[in-house]
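Reading through the structure tokens given below for one structure.
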Amino acid sequence: MNKFVEEIVKILKDKISLSSEKIEALIEVPPEEKFGDYAFPCHILSKELKKPPQEIASKLSSELKPKELIEQIYPIGPYINFKVNREKFAEYVLQDIYEKNLDYGLDTQGKRKTIVMDYSHPNIAKPFGIGHLRSTVIGNALYNIFRKLGYEAIRINHLGDWGTQFGKVIAAYKMWGEEKELSSDPIATLYDLYVRFHREVEGRPELEEEARRWFKKLEDGDSEALGLWEKFKNYSLEEFNRIYKMLDISFDSYAGESFYNQFIEKTIDKMNKMGLTEISQDALIVNLEKYGMPPCLIRKKDEASLYATRDICAAIYRYETYHFHKALYIVGSAQKLYFQQLFKVLELMCYPWANNLVHVDFGWVKFKQVMMSTRKGNIVLLEDVLNKSIDLALKIIKEKNPDLENKEKVAFDVGIGAVIFANLFTRRNKDIDFDWDKVLNFEGETGPYVQYTHARLCSLIRKYGQPVENQVYFKSLSTEEEHRLIKRLEDFPRRIKSSAREYDPALICSYLIELASLFNRFYQKERIITENVESTKARMLLVKAVQTIIKSGLSILGIKSPEKM
RNA sequence: GCGCCUAUAGCUCAAUUGGAUAGAGCAUCGGACUUCGGAUCCGAGGGUUGAGGGUUCAACUCCCCCUAGGCGCGCCA
């Protein structure tokens with residue numbers, strides 16, 4: 001709570017029969033500037049006082065006295081509106097940002113709390129598609145957000161490196177694969193094999209059996225199977241790391257599915273002893289009918305393990321290793337039911353922390369033309385998307401800023417930033433329409449727009465050519481545009497918290513668009529560097545603050561902030 | 001068949017989680033000071049918030065019922 005809201009609470013407290021906390025929670029920021037800076041809605045008082053809220057608002061307003069931070073108090077309809085002293089407000093906010101710099105918005109709410117995050121999790125032997133990008137960038141942004149709030153965060157890349165699919169790939173490789181081809185272009189070769197398998201299995205159902213046998217061999221530690229698997233895995237990791245490097249994303253642990261094999265027997269034993277399991281149609285299951293869910297399969301009739309089995313082990317291992325306060329699974333919403341089952345099973349196993357598991361689900365990435373399904377073989381490769389975006393950025397730079405020195409590097413940052421921003425911009429529960437025209441449009445509500453604004457701010461700072469000071473004449477920063485900008489700056493820490501609460505980086509995206517657009521409007525209307533020394537100094541402090549917050553916000557999203565572009 | 005999610009301007013999305021006159025971008029049309037970056041800014045048109053009912057001071061938001069689309073529902077992950 002800032003000290004302006006604090007003062008409003010103080011002013012209201014004597015006149016209203018509500019606790020300070022309640023009053024604070026009710027205070028809101030009006031939707032439009034002309035209503036004021038803060039407002040208190042009087043609706044809830046009307047029952048108690050038996051009067052219409054409008055009347056209460058107007059009566060109370062006349063009784064309340066402005067103080068030093070709050071200059072005006074007046075009613076509009078059922079609201080009591082407050083206007084802050086703009087000079088004091090500007091000083092309060094800008095000093096704070098000046099001092100804290102990129103640490104503005106740091107918080108201690110997560111102190112000594114660990115949050116474990118499972119995201120990205122690409123499948124070995126399959127290309128890194130655009131579908132995995134969403135999990136990857138949401139996870140990365142949430143990691144930054146929680147770190148900012150003081151949490152200890154652990155990034156886990158739960159590689160899809162185990163399962164029947166490897167039976168398929170091995171079987172296919174044994175039938176049609178060649179070492180030479182594999183070593184020259186590993187992922188594409190493996191992927192082709194995978195696709196071919198699915199094509200041929202339609203006419204030859206016995207292949208399915210063959211694949212199952214290979215997976216069983218793998219689980220039993222057969223050396224040939226294991227050797228192939230390891231080879232495939234290493235090749236795949238090389239490719240993934242190339243992508244992670246482009247995105248500048250890293251992980252604390254790459255413990256994939258295969259890692260948890262060692263715990264499977266013990267875990268299943270425990271479940272059996274607790275009486276949770278039963279045999280049904282030759283498979284081992286946990287019956288969840290009581291909870292309105294289909295059963296959770298633990299072991300197949302051929303004794304091979306399943307995804308759920310390994311995930312149960314993983315959750316237990318993670319708790320024992322990290323003692324997490326929360327564990328997030330950043331996985332598409334197609335798996336919603338699955339995670340409900342998983343969490344329920346863990347709850348039935350009497351782990352109290354089962355309540356702290358969260359499925360952070362997100363919508364599909366849909367394509368206008370081609371639907372992507374790794375089984376059928378249509379897929380948009382993330383690397384292609386990134387490269388295409390970088391190329392376009394380079395083209396635009398050559399047109400607009402031919403003298404820029406390190407064009408390639410900047411084009412890289414802008415191109416990647418555009419893709420990340422576009423992926424994060426839509427609220428995560430919604431599907432995204434993947435549309436090349438949109439992704440490659442760098443105008444309007446896009447990453448490059450925010451980056452451009454940042455570059456413009458940096459350019460001003462360069463032009464100014466002297467250090468920005470924090471002792472300025474704050475009263476000169478009280479025009480409508482300046483005040484709105486400063487209010488938006490002050491909102492940054494709150495946005496980070498909301499974003500964490502909702503596990504959604506999209507809130508930071510729209511915040512940055514709002515901030516950048518407010519600044520651009522101000523920039524267009526007012527000249528910043530002028531003959532007037534006092535005004536220039538004050539405005540440069542504002543410029544510096546906006547630049548700092550944009551940079552900080554972009555970095556939370558995992559996007560670079562070039563100083564020129 | 002059952003369950004979950006989604007539906008807001010021509011298109012893509014917002015809306016402080018039940019609050020003040022539902023806002024942006026793209027696209028379209030019309031504009032912007034011979035100095036700070038035009039990837040910018042200003043203006044215009046464009047809406048029965050899928051349809052219908054209900055709850056209350058107040059509904060895009062909550063409840064019910066339809067309609068359309070997506071996803072999921074036993075040996076994939």
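What you are looking at is a predicted structure, and each value in this text was computed from that prediction instead of being measured. Naming convention: chains lettered A, B, ... in sequence-line order (proteins, then strands); numbering from 1 in each chain. Values reported hereafter were calculated over all heavy atoms of this structure, with side chains retained and with hydrogens, waters and symmetry mates removed.
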Provide the distance between the two [atom1] atoms, one in [N] and one in [M], to the nearest whole Å.
N: A22(B); M: U16(B); atom1: P; value: 14 Å
N: G52(B); M: U48(B); atom1: P; value: 11 Å
N: A44(B); M: G3(B); atom1: P; value: 48 Å

Nucleotide nearest [X] when distance is taken to its side chain, options [options]:
X: K463(A); options: A77(B), G37(B), C71(B); answer: G37(B)
X: K430(A); options: A14(B), A77(B), A39(B); answer: A14(B)
X: Y523(A); options: G37(B), C71(B), A20(B); answer: G37(B)
X: L297(A); options: G38(B), G74(B), A77(B); answer: G74(B)

- Task: Determine whether the aromatic ring centres of F343(A) and Y329(A) lie less than 6.0 Å apart.
- Result: yes
Please name the nucleotide paired to [N] by Watson-Crick or G-U wobble geometry with both distances under 3.5 Å, or report none.
N: A32(B); result: U40(B)
N: C2(B); result: G72(B)
N: A24(B); result: U12(B)
N: A59(B); result: none
N: A7(B); result: U67(B)

- Query: Taking atom C1' of C36(B) as reference, at what distance in whole Å does atom CG of N532(A) sit?
  - Reply: 15 Å
- Query: Between A14(B) atom C1' and Y511(A) atom OH, what is the distance in whole Å?
  - Reply: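 Those two atoms, OH and C1', are 17 Å apart.
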- Message: Are A20(B) and F35(A) stacked, with the base six-membered ring and the side-chain ring centres under 5.5 Å apart and planes under 30°?
- Response: yes
- N429(A) vs Q524(A), nearer the 5' end of RNA chain B by closest nucleotide: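 That would be N429(A).
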- Tell me which of T453(A) and Y307(A) sits closer to the 5' end of RNA chain B, going by the nucleotide each one is nearest to.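 Its nucleotide being nearer the 5' end, the pick is T453(A).
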- U17(B): syn or anti, per glycosidic angle within 90° of 0: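 Syn conformation for U17(B).
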- Item | Salt-bridge criterion met for R196(A) and E200(A) (N-O under 4.0 Å) | yes
